[in-house]
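Below, read A as the first sequence line, B as the second, and so on, with proteins coming before strands; counting in each chain starts at 1.
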There are 2 protein chains.
Amino acid sequence: MAGPLRKTKIPDSARAITADLVAVLVAVTDGQPKIMTIANAGALPSGPFEFKHRSLQSGLRAWVEAQTGHPLGYVEQLYTFADRGRTGDGSSPHSVSISYLGLTREDQVADGAAAHWSGWYDYFPWEDHREGPPALLAKLLTPRLRAWAKSAASPALQRERWQRVAITFGFEDREWNEELVLQRYELLFEAALIPEAVRESGNAATLVPGRPMTADHRRILATGIARLRAKIKYRPVVFELMPAEFTLLQLQRSVEALAGRLVHKQNFRRLMEQQQLVEETGAIAADTVGRPAKLFRFRHAVLAERAVAGTKLPLSRT
Amino acid sequence: MAGPLRKTKIPDSARAITADLVAVLVAVTDGQPKIMTIANAGALPSGPFEFKHRSLQSGLRAWVEAQTGHPLGYVEQLYTFADRGRTGDGSSPHSVSISYLGLTREDQVADGAAAHWSGWYDYFPWEDHREGPPALLAKLLTPRLRAWAKSAASPALQRERWQRVAITFGFEDREWNEELVLQRYELLFEAALIPEAVRESGNAATLVPGRPMTADHRRILATGIARLRAKIKYRPVVFELMPAEFTLLQLQRSVEALAGRLVHKQNFRRLMEQQQLVEETGAIAADTVGRPAKLFRFRHAVLAERAVAGTKLPLSRT
DNA sequence: CATGATATGCTCATGGAGAGTATAAATGGC
DNA sequence: GCCATTTATACTCTCCATGAGCATATCATG
């Protein structure tokens with residue numbers, strides 16, 4: 001990006017790079033959010049991009065469907081990262097990583113591959129607030145982040161750091177914002193509390209719990225989780241993670257698994273009803289304790305009926 | 001993407017590609033939204049990506065700042081497209097286009113380059129609803145889209161097509177949704193009413209008004225406009241497009257320019273106040289008709305004070 | 001048959017959003 | 001100076017989504 005931003009005459013051979021696809025494949029099983037991993041749960045599935053398919057998206061979709069044997073419900077591009085070669089000294093080729101978010105169901109995955117499903121809170125233990133704020137937040141994260149804030153050069157910078165911490169982690173009776181997954185990860189990274197941030201991997205005792213991943217895969221995962229947590233609020237994508245028929249409580253548990261926090265049961269049901277997102281199948285759930293629940297299915301018609309998108313502008317209707 | 005999605009042993013030389021950056025640079029001048037263009041307003045500024053900078057984003061930022069002489073307020077990655085070479089027969093190399101959205105002000109741009117500012121409604125005349133629905137919607141788009149819907153194979157497909165049209169364009173007393181810029185462009189593309197969609201460039205009389213662009217640049221622009229229209233509703237990014245001091249009406253006109261529709265003046269002001277996004281400078285605007293307006297400035301502090309992001313889940317606070 | 005667990009229906013208070021009315025403060029034409 | 005016009009600014013009112021809690025229905029189990 002040295003010259004003007006338009007077609008120049010640099011020979012193509014001189015600027016050749018490679019492109020990789022990285023996938024964040026999400027499923028929810030028994031109320032636990034999972035992601036597909038390889039390399040002993042230490043990496044996201046990824047591979048070289050080839051130009052056999054029309055588009056990046058169709059390439060990813062085809063691959064996943066071949067692996068799982070079922071259509072991939074929802075695919076969305078996440079972000080494109082540039083890596084300056086693995087060594088950084090120019091000895092290895094530059095590459096671009098294009099990451100995607102995909103939604104499936106665990107039971108649809110054919111066995112045999114080296115792929116596994118891992119709970120995503122293994123990688124981000126501080127993100128699960130379904131049973132209240134995790135103990136490790138107050139016990140480990142708070143003191144270490146406070147120490148990091150205090151280590152800044154000037155008092156002004158110290159206050160600034162701590163304010164950032166308090167906002168992104170919901171400290172000092174600010175509200176917890178479940179969408180700030182990426183910001184929290186990046187802050188911990190900046191504070192060098194994350195294994196990926198410290199090359200020497202020394203003094204692990206001062207780090208923060210949570211399973212690391214190769215390269216920047218955990219950052220990509222954080223991006224995917226953040227995107228999904230935001231998306232479930234205005235698009236009916238949870239249903240891609242559900243079986244064909246489900247009870248409202250099962251649906252609620254899935255939403256809670258993704259959001260990492262509990263929702264108000266009665267209001268959740270009211271929302272489903274008034275938005276007409278589901279319809280009764282007529283059947284009743286078996287194998288339950290307590291009063292049996294009606295089974296529902298997703299009303300696929302809503303996808304055609306509406307263009308879901310909310311406005312927040314004080315519009316004028318005249 | 002033929003083999004498994006993980007590191008394989010394909011030699012890097014066999015899968016070499018090139019990467020380009022494409023920028024959607026937005027400014028608002030005199031209540032009109034503009035984008036930076038090159039090639040006689042027929043293309044977005046773009047250029048080869050080189051690995052001189054740490055990241056894609058910093059590369060773009062550095063380039064734009066060198067051109068305009070001022071810091072680029074806001075930069076955001078839009079989307080990454082894959083092109084199968086310009087000819088499609090393999091004679092030219094494959095490439096990846098990484099597009100960005102950036103916000104500036106027109107008066108900050110240094111002259112001399114081949115760049116110009118073009119009104120973005122030149123490219124999407126049907127997107128400006130500030131003076132009500134544009135005449136060309138009812139006069140041209142509706143009949144041609146209806147004809148396209150009727151040309152489907154079966155009555156069921158015809159209804160399906162027309163329903164899609166009605167939703168994305170707000171026909172048949174559905175509401176106009178200003179965020180569906182990309183969907184509308186893609187629908188017109190699919191209906192072959194867009195010059196870029198018809199190679200032969202024959203019978204332009206049956207096409208739809210709106211200036212075309214090279215390659216898929218107009219699609220990228222549509223992506224950028226859609227993103228920006230969504231963003232201004234929950235992030236204070238409009239201020240990147242404003243001078244240091246402005247009146248509330250000027251601010252409102254900028255929002256309206258981007259959204260393509262009018263907002264309710266009193267409610268708009270109430271929103272600015274209660275969200276504490278602006279503060280009075282104490283000065284009064286000169287050169288005005290009517291009662292003089294107070295000048296305001298953006299309260300940069302809000303960026304630090306809050307993590308703006310709304311929830312729509314029926315959360316439980318227990 | 002009591003208990004526990006879940007499903008489901010209903011009410012109530014609060015606050016934000018959409019919309020309209022009224023008043024204030026300037027300019028320019030007569 | 002008076003009046004029409006234009007813009008700024010202050011209130012008010014209604015409607016409805018949202019958060020929250022209470023009450024009741026319907027099952028399994030000991």
Residues at least two apart in sequence or cross-chain that pass side chain to side chain contact (heavy atoms under 4.5 Å, CB included) with A:L136, listed by chain then number, are A:P125, A:W126, A:P134, A:L140, A:L141, A:P209
Its contact letters, B for base, S for sugar-phosphate only and - for none at protein heavy atoms under 4.0 Å, make nucleotides 5-15 of chain D read -BBBBB-B---
Rounded to whole Å, please give me the gap between [atom1] in [X] and [atom2] in [N].
X	N	atom1	atom2	value
A:Q274	D:dG19	CD	P	11 Å
A:H264	C:dC12	NE2	C1'	12 Å
A:I284	D:dC27	CD1	C1'	10 Å
A:M272	D:dT18	CE	C1'	14 Å

From A:E279 CD over to A:K294 NZ, what is the distance, rounded to the nearest 0.5 angstrom?
13.5 Å
Nearest 0.5 Å please: distance from the CG atom of A:L78 over to the CG atom of A:L182.
10.5 Å
Main-chain N/O of A:R297 paired with A:T281 side-chain donor or acceptor, under 3.5 Å:
no
Using a strict 4.0 Å threshold on nitrogen-to-oxygen distance, state whether B:K233 and B:E178 make a salt bridge.
yes
Would you list the pairs meeting salt bridge (Lys or Arg N to Asp or Glu O under 4.0 Å) in which at least one residue belongs to residues 122-134 of chain A, sequence neighbours left out?
A:E127-A:R184, A:E127-A:R229, A:D128-A:R130
